[in-house]
> 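My questions will all concern the structure given below.
Residue numbering restarts at 1 for every chain, and letters A, B, ... go by the order of the sequence lines. Every heavy atom of this structure was used, including side-chain atoms; hydrogens, water molecules and symmetry mates were not.
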Number of protein chains: 2
Amino acid sequence: MNHLDATFAALADPTRRAILARLIEGEASVMELAEPFAMSQPSISKHLKVLENAGLISRGRDAQRRPCRLEARPLGEANDWLERYRKVWEGNFQRLDALLGAMQAKKASGDAEQ
Amino acid sequence: MNHLDATFAALADPTRRAILARLIEGEASVMELAEPFAMSQPSISKHLKVLENAGLISRGRDAQRRPCRLEARPLGEANDWLERYRKVWEGNFQRLDALLGAMQAKKASGDAEQ
DNA sequence: AAGGTATATACCCGATTGGCTATATAATGG
DNA sequence: CCATTATATAGCCAATCGGGTATATACCTT
């Protein structure tokens with residue numbers, strides 16, 4: 001599984017996004033993270049493992065607690081990928097590009113159309 | 001399914017990200033989009049439906065072709081969500097890492113807290 | 001109307017996901 | 001040691017996913 005795959009897949013779940021949002025404020029134990037959700041502790045642990053495998057959190061040790069801390073670097077990489085689309089969502093010059101792209105595609109494949 | 005859920009889930013697949021990347025250059029038909037992949041046409045159509053349901057593409061009509069066009073607004077929303085973490089991945093929000101220099105600190109894996 | 005081309009749909013399949021309960025492990029405090 | 005607390009693991013289940021093939025549909029051309 002690609003790095004970006006894992007990052008975006010991890011972000012596709014609202015529980016996991018909420019956990020990350022909580023971790024902006026600082027480290028938290030599993031119990032603390034589980035508290036807002038109507039969900040069993042093992043389910044939260046599973047979500048945490050997904051986040052950890054995606055490199056979005058790391059875990060420490062504090063007595064029997066395993067505090068989670070945010071690791072935002074993969075979010076930066078996801079952001080880098082998204083950046084390439086910024087021009088598109090900020091301005092609406094899809095139409096122009098569409099025209100250019102279609103003309104080039106025609107040249108490349110040499111098909112019969114129009 | 002939440003809007004962000006659908007967006008991130010759509011982005012979690014490398015085929016779909018490659019399709020979006022292709023669409024930056026402009027509209028493309030299903031056949032054109034399928035060409036780079038060792039994958040059947042129905043599978044590509046499935047991916048396109050995922051992208052369409054996430055609002056990431058829209059489709060037109062050109063004879064028997066159904067050209068796909070990039071719709072980047074959901075990417076902007078995903079970006080908005082990620083923005084809240086920018087300070088964190090740009091460094092220093094993590095107490096000691098700020099002092100040590102975030103770049104090298106990534107090497108050592110086992111440091112827990114403070 | 002027939003045939004070709006582009007795309008969609010239906011269905012099958014194995015793998016993964018996201019939830020659960022029950023139980024195991026880890027570390028602490030008495 | 002023992003009990004308690006915090007967390008992880010195992011196994012179950014239904015749903016979804018991502019691929020496939022076969023077939024249907026839509027539109028154009030002749």
Side-chain angles (χ1 to χ4, degrees), chain A residues 1-2 4-20 22-23 27-54 56-69 102 105-106 108-114, chain B residues 1-20 22-23 27-54 56-69 110 112-113:
Chain A
M1 204 190 204
N2 186 324
L4 270 182
D5 291 14
T7 302
F8 282 127
L11 296 181
D13 184 281
T15 301
R16 291 193 291 261
R17 286 198 308 278
I19 287 173
L20 292 179
R22 161 67 183 79
L23 289 177
E27 290 191 2
S29 70
V30 177
M31 296 302 258
E32 288 166 349
L33 290 173
E35 190 271 333
F37 302 102
M39 201 179 293
S40 68
Q41 169 265 314
S43 293
I44 296 291
S45 279
K46 259 195 203 175
H47 281 304
L48 293 176
K49 175 163 276 183
V50 172
L51 290 169
E52 189 175 16
N53 288 340
L56 285 163
I57 65 172
S58 62
R59 334 249 348 221
R61 171 67 78 183
D62 164 31
Q64 54 267 118
R65 269 145 241 127
R66 304 290 317 278
C68 300
R69 103 193 298 173
K106 219 133 293 165
S109 55
D111 53 19
E113 196 198 0
Q114 275 185 340
Chain B
M1 205 191 203
N2 187 325
H3 210 164
L4 269 183
D5 292 13
T7 302
F8 283 128
L11 296 182
D13 184 279
T15 301
R16 290 193 292 260
R17 287 199 307 279
I19 287 173
L20 292 179
R22 162 63 184 81
L23 289 177
E27 290 192 2
S29 71
V30 177
M31 295 303 259
E32 287 167 350
L33 291 173
E35 190 272 332
F37 303 101
M39 198 177 296
S40 67
Q41 168 265 312
S43 293
I44 297 291
S45 280
K46 260 195 203 174
H47 281 303
L48 293 176
K49 177 165 273 182
V50 172
L51 291 169
E52 188 175 15
N53 288 340
L56 285 163
I57 64 172
S58 60
R59 333 243 358 214
R61 170 68 78 182
D62 164 32
Q64 53 266 119
R65 269 144 239 127
R66 303 291 318 277
C68 300
R69 161 184 335 164
E113 73 268 300

> Closer than 4.0 Å, any side-chain N/O of A:R65 to the OP1 or OP2 of D:dT7?
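A:R65 to D:dT7 OP1/OP2: no side-chain N or O under 4.0 Å.
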> Between C:dC20, C:dT9, C:dA8, which nucleotide gets closest to the side-chain atoms of B:Q41?
C:dA8
> When you match B:P42 and A:Q64 each to their closest nucleotide on DNA chain D, which lands nearer the 5' end?
A:Q64
> So what does B:K46 touch, heavy atoms closer than 4.0 Å: a base, only the sugar-phosphate, or nothing?
base
> At less than 4.0 Å, is any side-chain N or O atom of B:S29 found next to OP1 or OP2 of C:dA6? Yes or no.
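B:S29 to C:dA6 OP1/OP2: no side-chain N or O under 4.0 Å.
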> Give a yes/no answer on whether the side chain of B:R61 brings an N or O atom under 4.0 Å of OP1 or OP2 in D:dC27.
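Checking D:dC27 against B:R61, a side-chain N or O does come within under 4.0 Å of OP1 or OP2.
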> Output the distance between atom CE (B:M31) and atom CD (B:Q64), rounded to the nearest 0.5 Å.
10.5 Å
> Quick check against the 3.5 Å criterion: does A:R17 have a side-chain atom that pairs as donor or acceptor with the backbone of A:L11?
yes
> Could you tell me how far apart A:L33 (CG) and D:dA6 (P) are, to the nearest whole angstrom?
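Going from A:L33 (CG) to D:dA6 (P), I get 13 Å.
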> Taking OP1 and OP2 of C:dA8, is either one under 4.0 Å from a side-chain nitrogen or oxygen of B:R59?
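Answer yes for this pair, as a side-chain N or O of B:R59 is under 4.0 Å from OP1 or OP2.
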> Does B:H47 place a side-chain N or O at less than 4.0 Å from the phosphate oxygens OP1/OP2 of D:dG19?
yes
> Has A:R16 got a side-chain N or O lying under 4.0 Å from the OP1 or OP2 atom of C:dG18?
yes
> With distance as the sole test, does B:R66 use its side chain to make a donor-acceptor pair with the main-chain N or O of B:G60 at under 3.5 Å?
yes
> Given C:dC20, C:dT7, D:dG20, identify the nucleotide with an atom nearest to the side chain of B:M31.
C:dT7
> Think B:S45 has a side-chain N or O under 4.0 angstrom from the OP1 or OP2 of C:dA8?
yes
